[in-house]
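Inspection log for the structure reproduced underneath, given as structure tokens.
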Amino acid sequence: MGFFDNHGLNYRAKKGIENKEDLLGVIAAEKEKEVPKIKAEEEIRRGLEYGLEAAESIGDRTISCFSRGSLPPYSGINTFLKVPYLEDVRDVGKYDVAFMGVPFDIGTTYRSGTRFGPQAIRRISSLYTSFSFELGVDLKESLNMVDIGDVFTIANIEKSFDQITKAVSHVISSGTMPIIFGGDHAIGYPCLRAVAENVEGKVGIIHLDRHIDMGEKDMDERMHGTPWFHATNIPNAPAENLVQVGQGGWISPREGYSNARERKTTIITMADVERMGIEKAAEAALETAWKGAKAVYLSFDIDSIDPGFAPGTGTPEPGGFLPREALKFLQLVAKEGVCAMEVVEVSPPYDVSDKTALLAARAVLDVLGTMVANGKIGKTITS
């Protein structure tokens, strides 16, 4: 008898997995054929036109001499996902989504470095493609996306807040969804202020974080532990529509929790998430944030993830979300649609192998992809 003759005897005669067609991977593989490649083919044509044809020794004639598209991931100008850079921001209203950086970290109370967060997120985003096998969505085929660069922040907290509010307000008033890369979490207040002034009705807030971020001041200034105290002073961003998810540990000052209690915000701790499960926790967050609201703002602090998976952040607190849990939560929120999203507290000086920035970029892709798949933004195209 040969070595392999008695291996796998229980399965060799099996007919196969029952209901194999119900496997999500099989369903997704079938769905992929419906996703067009129109923009991908345009990108190749553009690359050959503007970047010259490749050397004669190159067999793949879709490759250009100068890189002008999304490949290879280690080259090119680092916009987010290699989307076009828009120099004239007055034209932002021509696009569905605008990626923008806020390189600001003077609101940090311990480890600085988040001013380099936007650069890191953009750079590592080149590793991703615009296609999600699981969602059956190609973002470049469904959305007109653009990168508008960074807000010019300066060495003054309040003046920088004014710059940030004006920048975000310009984007959202143009009818474009802003995706904002921080920067420390102090930017949550000026970003929300911009959204609120452009929404006729209440704005709900879903905030993922290990910290409550609801003090009035820290070190006598409005810092990264204070955004939601000031945001909920805005008349159409009431505290009862603020949901804070993932809190716990030993770092948040007591004042923030006192303010949250007095203003009757909803706090879903990490222990609550573990007890309820991701689906029910997301449902509770959505029900509260959307109650009587016209729009919901999504704030994703990367320190809501356990620092074993996201070490590159200024105030790490063990015991947070696992990446898969957080991504699932974000997808459930995005199914209902969000008007804007911020990703904050990515601090490259403390990152390891870019994995914190990589997770930040992935969160944005999952939110946009889920919104497209559920008809909340852009267009779902079938060939």
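- A donor-acceptor pair under 3.5 Å links the side-chain atoms of Ser160 to the main chain of Ile154, judged by distance alone.
- For the residue pair Asp138 and Ser130, a side-chain donor N or O sits within less than 3.5 Å of a side-chain acceptor on the partner.
- Under the side-chain hydrogen bond (donor to acceptor under 3.5 Å, both in side chains) criterion, Thr108 pairs with Asp184, sequence neighbours left out.
- The line from OG of Ser353 to CD1 of Ile124 is 9.0 Å long, rounded to the nearest 0.5 Å.
- Side-chain contact between Val137 and Val35 is absent, with no heavy atoms from C-beta onward closer than 4.5 Å.
- By the salt bridge (Lys or Arg N to Asp or Glu O under 4.0 Å) test, Glu49 pairs with no residue at all, sequence neighbours left out.
- By the side chain to side chain contact (heavy atoms under 4.5 Å, CB included) test, Glu216 is found to be paired with Phe229, His230, Glu255, residues two or more places apart in sequence or in another chain being considered.
- The side-chain heavy atoms of Pro103 and Gln119, taken from C-beta on, include no pair separated by under 4.5 Å.
- Side-chain atoms of Met270 and Val273, non-hydrogen and from C-beta on, do get closer than 4.5 Å to each other.
- Counting side-chain heavy-atom gaps under 4.5 Å among Ile, Leu, Val, Met, Phe, Trp and Tyr, Tyr74 is found in no cluster with other residues.
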Report task. Could you give me the CA-CA distance, side-chain angles and deciding distance for Asp88 and Lys94, then say whether salt bridge (charged side-chain N to carboxylate O under 4.0 Å, His left out) is met? Result -> CA-CA 11 Å; Asp88 190 346; Lys94 298 176 181 178; over 6 Å; no

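- The ring pair (Phe, Tyr, Trp, His ring centres under 6.0 Å) analysis of residues 130-156, with sequence neighbours excluded, yields no pairs.
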Contacts table for residues 319-336: side-chain donor-acceptor under 3.5 angstrom, sequence neighbours left out:
| from | atom 1 | to | atom 2 | distance (Å) |
| --- | --- | --- | --- | --- |
| Glu325 | OE1 | Leu322 | N | 3.0 |
| Gln331 | NE2 | Asp366 | OD2 | 2.9 |

Query - Worked check of salt bridge (charged side-chain N to carboxylate O under 4.0 Å, His left out) between Glu43 and Lys140 - result: CA-CA 10 Å; Glu43 182 177 285; Lys140 288 185 179 179; 3.5 Å; yes

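- Side chain of Asp105 to backbone of Gly113: a donor-acceptor contact under 3.5 angstrom is found.
- Met100 and Ile377 fall into different hydrophobic clusters, defined by Ile, Leu, Val, Met, Phe, Trp and Tyr side-chain heavy atoms under 4.5 Å apart, directly or through other members.
- Panel note: side chain Asn19, backbone Asp22; no donor-acceptor pair is recorded below 3.5 Å.
- Listed by chain and number, the residues in a side chain to side chain contact (heavy atoms under 4.5 Å, CB included) with Glu274 amount to none (sequence neighbours excluded).
- The side-chain heavy atoms of Thr266 and Leu242, taken from C-beta on, include no pair separated by under 4.5 Å.
- The local environment of OH in Tyr128 is crowded, with over 12 non-hydrogen atoms from other residues, nucleotides or ligands closer than 6.0 Å.
- Members clustered with Leu71: none, using a 4.5 Å side-chain heavy-atom cutoff among hydrophobic residues.
- Under the 3.5 Å distance criterion, the side-chain polar atoms of Arg111 are matched with a main-chain donor or acceptor of Thr313.
- Contact of the Met214 side chain with the Thr265 side chain is registered, since non-hydrogen atoms from C-beta on lie closer than 4.5 Å.
- Under a 4.5 Å side-chain heavy-atom cut-off, the cluster of Ile, Leu, Val, Met, Phe, Trp and Tyr residues that includes Phe66 is completed by Leu52.
- Here the side chains of Phe80 and Ser125 are in contact, with some heavy-atom distance below 4.5 Å.
- Through chains of ILVMFWY side-chain contacts below 4.5 Å, Ile58 is grouped with Ile63.
- Under the 4.5 Å side-chain contact rule for hydrophobic residues, Ile121 and Val364 share a cluster.
- At a threshold of 4.5 Å between side-chain heavy atoms, the hydrophobic network of Ile, Leu, Val, Met, Phe, Trp and Tyr places Ile148 and Val344 in one connected group.
- Other residues, nucleotides and ligands place no more than 12 heavy atoms under 6.0 Å from the CD atom of Glu200.
- Annotation: side chain of Val243 is not in contact with side chain of His207 (no heavy-atom distance under 4.5 Å).
- No donor-acceptor distance shorter than 3.5 angstrom exists from the side chain of Thr165 to the backbone of Asp162, with no hydrogens or angles considered.
- With sequence neighbours excluded, no residue satisfies salt bridge (Lys or Arg N to Asp or Glu O under 4.0 Å) with Arg254.
- Cluster annotation: Met371 is not connected to Ile172 through the hydrophobic network of ILVMFWY side chains, with a link wherever side-chain heavy atoms come within less than 4.5 Å.
- Distance alone, capped at 3.5 Å, places no donor-acceptor pair between the Arg115 side chain and the Gly183 backbone.
- Criterion: ILVMFWY side-chain heavy atoms under 4.5 Å apart, direct or through other members. Under it, Val168 and Phe104 are part of a common hydrophobic cluster.
- Contact check for Val92 versus His170: side-chain heavy atoms found under the 4.5 Å cut-off.
- Residues satisfying the side chain to side chain contact (heavy atoms under 4.5 Å, CB included) criterion with Tyr85, sequence neighbours excluded, are Thr79, Glu87.
- Summarising the local packing, CG of Leu9 is surrounded by more than 12 heavy atoms from other residues, nucleotides or ligands at distances under 6.0 Å.
- Using modelled atom types, one side-chain atom of Asn236 and one backbone atom of Gly201 make a donor-acceptor pair closer than 3.5 Å.
- Using cut-offs of 30° and 60° on the angle between ring planes, the pair His185 and Trp228 is perpendicular.
- Geometric assessment of Arg122 against the ring of Phe99 yields a negative cation-pi assignment under the 6.0 Å and 45° thresholds.
- By the neighbour-count criterion of 12 heavy atoms within 6.0 Å, atom CD of Glu53 is sparsely surrounded, having that number or fewer from other residues, nucleotides or ligands.
- Counted within 6.0 Å of CZ on Arg61, heavy atoms from surrounding residues, nucleotides or ligands total more than 12; the atom is thus considered enclosed.
- Formation of a donor-acceptor pair under 3.5 Å by the Thr114 side chain with backbone atoms of Gly117 is not found in this model.
- A 6.0 Å sphere centred on CD of Glu134 holds no more than 12 heavy atoms belonging to other residues, nucleotides or ligands.
- Using cut-offs of 30° and 60° for the angle between ring planes, the Tyr189 and Phe161 rings count as perpendicular.
- Judged purely by distance below 3.5 Å, without hydrogens or angles, the side chains of Tyr297 and Glu342 pair a donor atom with an acceptor atom.
- Within a 6.0 Å sphere centred on CD1 of Ile77, other residues, nucleotides and ligands contribute 12 heavy atoms or fewer.
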